[in-house]
Asks: 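Below is one structure. I have some questions about it.
The figures that follow rest on heavy atoms only: side chains count, while hydrogens, waters and symmetry mates do not.
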Amino acid sequence: SASAIDADRHNPFYALGYARTLRFYGAAPEKIEAAFAETFNRWPVYPVARAEYARFLAEQGRMDEAREQLELASLVPDRTGGRDRAVQQTLQLLERN
């Protein structure tokens, strides 16, 4: 099946957009996780995607893995500013648990 990833294989935004879309529409966690995995296979240090994956993991109750992803997200500068919002949302989830 075609996906947003296929739209532009040279732009990490499209791969992340696919994971976001699946999450927004309530797809099975396995599908969402597979979309993030595909993103990281192509762009392993994409900070916004790492931060959003951390939020997804925290929502699934996988707090230790979420913390690991937040650490990875902080390794590379984010010029878009999207990482910071996702990091804050994840930290709020982590504080509740």
Asks: Using the side chain to side chain contact (heavy atoms under 4.5 Å, CB included) criterion, which residues pair with Ala19? Sequence neighbours excluded.
Replies: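 Once residues adjacent in sequence are excluded, the partners of Ala19 under the side chain to side chain contact (heavy atoms under 4.5 Å, CB included) criterion are Ala35, Phe36.
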Asks: Which heavy atom of Met63 sits nearest a heavy atom of Ala58, and at what distance?
Replies: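 Scanning both residues, the minimum pair turns out to be CE-O, 3.3 Å.
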Asks: Run the side-chain hydrogen bond (donor to acceptor under 3.5 Å, both in side chains) test against Glu59 and tell me which residues pass, sequence neighbours left out.
Replies: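 side-chain hydrogen bond (donor to acceptor under 3.5 Å, both in side chains) check on Glu59 returns Arg23.
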Asks: Who passes side chain to side chain contact (heavy atoms under 4.5 Å, CB included) against Leu72, sequence neighbours left out?
Replies: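 Arg50, Gln69, Leu75.
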Asks: Side-chain heavy atoms under 4.5 angstrom apart, residues restricted to Ile, Leu, Val, Met, Phe, Trp, Tyr: same cluster for Tyr53 and Leu93?
Replies: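 No, Tyr53 and Leu93 fall in different hydrophobic clusters.
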Asks: State plainly whether the residues Glu71 and Arg67 are in salt-bridge range, i.e. N to O under 4.0 Å.
Replies: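 The answer is no: the pair does not qualify as a salt bridge.
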Asks: If the condition is salt bridge (charged side-chain N to carboxylate O under 4.0 Å, His left out), which residues does Glu65 pass it with, not counting sequence neighbours?
Replies: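 Counting only residues at least two positions away or on another chain, Glu65 forms a salt bridge (charged side-chain N to carboxylate O under 4.0 Å, His left out) with Arg62.
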Asks: So which heavy atom on Pro47 is nearest to which on Val45, and how close?
Replies: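 Shortest heavy-atom contact: CD-O, 2.9 Å.
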Asks: Would you mind listing the cluster partners of Phe24? Hydrophobic ones only (ILVMFWY), side-chain contacts under 4.5 Å, chaining allowed.
Replies: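 Via sub-4.5 Å side-chain contacts, Phe24 links to Tyr25.
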Asks: Quick one: list whatever passes side chain to side chain contact (heavy atoms under 4.5 Å, CB included) with Ala27, sequence neighbours left out.
Replies: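 Listed in chain order: Leu22, Lys31, Ile32.
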Asks: Measure across Thr39 and Leu16 and return the closest heavy-atom pair with its distance rounded to 0.1 Å.
Replies: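 Here Thr39 and Leu16 meet closest at OG1-N, 3.9 Å.
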Asks: Specify the closest pair of heavy atoms between Ala73 and Ala51, including all atoms of both residues, with the distance to one decimal.
Replies: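 What the structure gives for the nearest pair is CB-N, 3.8 Å.
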Asks: Which atom pair, heavy atoms only, marks the closest approach of Thr90 to Ala66?
Replies: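 Looking at all heavy atoms of both residues, the closest pair is CG2-CB, 4.5 Å.
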